[in-house]
Amino acid sequence: MPLSEVTGEDLSALLSKADRRTLAAVVTHLSGDPNAIPDLADRDHIERKAAEVLPPFINGERQPPVPDDELLQAAMDLAVGAPVPAEYRTYVREQTGIGPVEPLEPIDAPADFKILVVGAGATGIVVARRIQERGINNFTVIEANPSPGGAWWTNTYPGCRVDTPSLLYSFSFHQDPGWPEHFSPQPALLSYLREVVQESGFADKIMVNTEVRTLTWDEDAALWRVGFRHPDGTTGTTEANVVILAPGLLRVPKYPAIPGQDTFAGLSWHSARWNHSVDLRGLRVAVIGTGASAQQIVPAIAPIAERVIVYQRSPQWLLTHEKYGRKLTGQERELYDRIPMYREWNRFSESWRFGDGTTPFVTVDPDWDKPGSISKENDRLRTQLLKYIEEQVGDLPDLMKLVTPDYPPFTKRMLIDNGWYRALRRENVRLNTSRIEEITPTGVKTVDGADVVDVIVYATGFQADHYLLPMQVTGAGGVDVTARLDADPKAYLGLALEDCPNLFLTPGPTAYLGHAGNAMFFAECHARYITECLRLMVEKQVRWMAPRREAIDTYTESVRTALANSVWNQKGVDSWFKGDRQEIVTIAANTVIGFWSQYRGVDEDAYVWGR
Ligand code: NAP
């Protein structure tokens, strides 16, 4: 049905399926009246008002206005059902596309100013796109895999999907390619990223099947000398004035420190290296780990394999979401496609729900001393999550005990229930919480016994805190940057490394958030900041820029202080936020708006600018 025909009863039927808050924001925005919706609880009024206001926008007689601050603020408050601080206004204009979006200043770089982007995952893609948008065409993207796509190319395990709403887990400049599901499965995400590359027009600048192995700063030439390798063993070199490393945080598989892995006579693989040639029907499968990957794998393979034994070191807190794993209904798709500004306002309300709306749950109350929670709000959430566990497995008290965490919600990354508890209830699935002693030729030996299995799946995560693996980076003065970063992961704003002029690592240490935001958003923030640095280099006509050590130390000190007292820093609780260490290194304790603001402009005094 053409857009203009959604009127009368069709429109009323559609509006009855709309999210109330989102619709209230849309009506406010399109009516131009900040007081159009006096009562957010009055759904009938919101729908009536929408039926009155929307038709000229639906049939194309009127275009959505660019809201002034008062109108925007009123719509923002309605979209989340609470007052939103004014500092979010520019963020909302940009991240939803409601606008206006201030264009970034073009960069008039000399033709021989060459940029190398390492990695064509979501981050490398948006970095390349921003470089190009700002007028620089002399850039190459090097990608180790045979295709762009990063984590969404490498992770193909059964059940693989995103656990952030797709409308949010997308770039602000391309929010909805027609997402098939609310939380898209891996193939949709991979094709989305490929689509962005095609649309952006730099597919021919991506060198696939090329893995960067060495980067050496040539002080005299003020260039990075880069060595790479192809899968057939052939090698090559290139050079660049500026290198932007976007290799991916969750990239290098981490195998557990369990002896005997090489002795196993069956087949084994890591979750991020799924072996699709093996049919699991009739096989006994051990899955080691209970993180985000295992949570998706186990429910997907349990109906196929003969037996699945899940080895849990610690249980996880699981949220539930009624749209998770569900396709968009026809009406939900129509709301996005036919109601002007519905998608945009929905993106903002989701960004709040999956963003700073969670702040009360992660803010530590220093006077709170109830074990297992960090504040009243966090405890309230804990109670809700416990109730959910009880609903799922309350009739199996032994299992319930095993799957109930004793640490506060949000200490590890929160997950969404993907049928995990239902899978654990199955006859052919067993949860084994005994400590694994060793892998034997026949299976897995724990302190309490041995299981004979045909396949072992290591869903044991990634070496998130070893940023540069397997690249050997040699910085100014011959410093072994790879080793130094492993020993003490720090970088100015989490992006600029000591002794590494003209080099950015995105994300580097503490350049992510653990509870809010998402990889696409973080990448956009970083890309903006990095291209601002490029603009300044060109404007100042310098050959190099490098972060001052004091700037790195001051930044690191403040981030580490905030992290030390955060929900993520619970003694004895491991997560990829800590990696192999006792302290948090991969994320920062910040709000989404704080994160976004941090990368808006460049403090020139934090850098040395060299001619
Ligand atoms: P992960 O969250 O780091 O989980 C690794 C799991 O392996 C943990 O359960 C860990 O136990 C366990 N483990 C490690 N060593 C072990 C040992 N020796 N014995 C038993 N268990 C051991 O890794 P992941 O599941 O691959 O997920 C990593 C991140 O990737 C996620 O947090 C998320 O950011 C991203 N991801 C996202 C999605 C999605 O969007 N849906 C899907 C997959 C991954 P402990 O908990 O005790 O440390």
Side-chain angles (χ1 to χ4, degrees), residues 121-122 150-152 154-166 168-169 181-186 188-189 248-261 270-274 286-300 309-319 321 324-325 354 403 405-407 410-420 431-439 444-447 456-465 507 512-520 522 568 570 572-581 586-587:
W152 297 110
T154 38
N155 285 275
T156 60
Y157 58 75
C160 185
R161 72 171 67 243
V162 68
D163 58 10
T164 302
S166 290
L168 189 56
Y169 193 88
E181 297 195 23
H182 294 281
F183 295 80
S184 291
Q186 174 266 340
L189 288 151
L249 187 61
L250 302 164
R251 173 180 49 99
V252 182
K254 182 170 169 177
Y255 290 85
I258 301 172
Q261 286 169 49
H270 188 271
S271 58
R273 300 284 182 274
W274 197 265
V287 177
I288 302 181
T290 54
S293 302
Q295 296 276 333
Q296 296 183 330
I297 291 167
V298 172
I309 306 168
V310 182
Y311 296 87
Q312 172 184 283
R313 197 165 61 177
S314 38
Q316 302 272 344
W317 285 115
L318 307 190
L319 295 162
H321 198 294
Y324 190 74
F354 282 75
V403 297
D406 59 4
Y407 56 85
F410 275 101
T411 301
K412 293 173 188 264
R413 188 172 172 280
M414 291 300 292
L415 304 177
I416 298 186
D417 182 19
N418 186 44
W420 177 251
L431 184 66
N432 190 337
T433 58
S434 301
R435 188 173 58 78
I436 302 174
E437 256 183 351
E438 71 177 307
I439 305 295
V444 181
K445 182 165 176 278
T446 71
V447 288
I456 299 177
V457 175
Y458 293 99
T460 42
F462 301 89
Q463 302 192 45
D465 58 330
Y512 254 31
L513 300 178
H515 68 297
N518 65 78
M520 305 276 182
F522 303 145
W568 304 284
Q570 303 294 322
V573 185
D574 290 321
S575 69
W576 62 263
F577 302 158
K578 292 180 180 171
D580 293 333
R581 301 152 213 268
T586 62
I587 58 163

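Side chains included, hydrogens not; waters and symmetry mates left out as well; all remaining heavy atoms used. In listed order, ligands and their atoms are each counted from 1. Numbering starts at 1 and runs along the sequence shown. Quick caveat, the model's predicted, so the values are computed rather than measured.
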Tyr458 near ligand 1 by a heavy-atom separation under 4.0 Å: no

Test applied, side-chain contact (heavy atoms from CB on, under 4.5 Å); reference residue, Asn432; option that passes from Val310, Thr446, Val444, Ile288: Thr446

Nearest non-hydrogen protein atom, atom 36 (N) of ligand 1: Ala292 CB, 3.8 Å

Test log, rule side chain to side chain contact (heavy atoms under 4.5 Å, CB included), inputs Tyr255 and Gln463: CA-CA 9 Å; Tyr255 290 85; Gln463 302 192 45; over 6 Å; no

Asp574 and its salt bridge (charged side-chain N to carboxylate O under 4.0 Å, His left out) partner, picked from Arg313, Lys412, Lys254: Arg313

Side chain to side chain contact (heavy atoms under 4.5 Å, CB included) assessment of Leu319 paired with Tyr324: CA-CA 10 Å; Leu319 295 162; Tyr324 190 74; over 6 Å; no

Residue, atom name and distance, where the atom is the protein heavy atom closest to atom 1 (P) of ligand 1: Gly461 CA, 4.1 Å

Atoms in ligand 1 with a heavy atom of Asp574 nearer than 4.0 Å: 48 (O)

Ligand-residue contact atoms, ligand 1 with Ala459, heavy atoms, under 4.0 Å: 5 (C), 6 (C), 7 (O)

For atom 9 (O) of ligand 1, the protein heavy atom that lies nearest, with its residue and separation: Thr290 N, 2.9 Å

Part of Leu415 with heavy atoms under 4.0 Å of ligand 1, whether side chain, backbone, both or neither: neither

Atoms of ligand 1, numbered as shown, that sit under 4.0 Å from any heavy atom of Leu250: 29 (C), 30 (O), 34 (O), 35 (C)

Pair Tyr157 + His270: ring centers closer than 6.0 Å: no

Ligand 1 versus Lys412: contacting region, heavy-atom distance under 4.0 Å: side chain

Proximity winner for atom 33 (C) of ligand 1, if only heavy atoms of Gln296, Arg413, Gln312, Arg161 are counted: Arg413

Side-chain touch Ser271/Ile297, heavy atoms, less than 4.5 angstrom: yes

Residue Ile258 vicinity, atoms of ligand 1 by number, heavy atom under 4.0 Å: 18 (N)

Close-contact set for ligand 1 against Gly289 heavy atoms, below 4.0 Å: 6 (C), 7 (O), 9 (O), 12 (C)

Validation row: Tyr458, Gln261 side chains within 4.5 angstrom (heavy atoms): yes

Atom indices of ligand 1, in the order listed, that fall short of 4.0 Å to a heavy atom of Ser314: 45 (P), 46 (O), 47 (O)

Protein residue, atom and distance nearest to atom 4 (O) of ligand 1, heavy-atom basis: Gly291 CA, 3.6 Å

Short N or O distance, Trp576 and ligand 1, threshold 3.5 Å exclusive: yes

N or O contact, Tyr324 vs ligand 1, cut-off under 3.5 Å: no

Whether Phe183 and His321 hold their rings parallel, tilted or perpendicular, with breakpoints at 30° and 60°: perpendicular

Ile258 side chain reached by Tyr311 side chain, heavy atoms, under 4.5 Å: no

Tyr512 and Trp576 aromatic ring geometry - parallel, tilted or perpendicular at 30°/60° bounds: perpendicular

Which segment of Ile288 sits under 4.0 Å of ligand 1 when only heavy atoms are counted: side chain

Min side-chain heavy-atom separation Phe522-Leu513 under 4.5 Å: yes

Atoms in ligand 1 flagged as close to Phe462, the criterion being non-hydrogen separation under 4.0 Å: 26 (O)

Ligand 1 contacted by Tyr157 (non-hydrogen, < 4.0 Å): yes

Contact check, side chains of Phe577 and Arg413, non-hydrogen atoms, under 4.5 Å: yes

Option nearest atom 24 (P) of ligand 1 (shortest heavy-atom distance, choices Ala257, Ser293, Ala272, Gly579): Ser293

Residue pair Pro158 / Trp274, side-chain heavy-atom distance below 4.5 Å: yes

Atom 14 (C) of ligand 1 [closest protein heavy-atom partner, distance rounded to 0.1 Å]: Arg313 NH2, 3.5 Å

Asp163 N/O to ligand 1 N/O under 3.5 Å: yes

Val162 and Trp152, any side-chain heavy atoms less than 4.5 Å apart: yes

Closest to atom 18 (N) of ligand 1 (judged by heavy-atom distance), picking from Ala464, Pro256, Gly514: Pro256

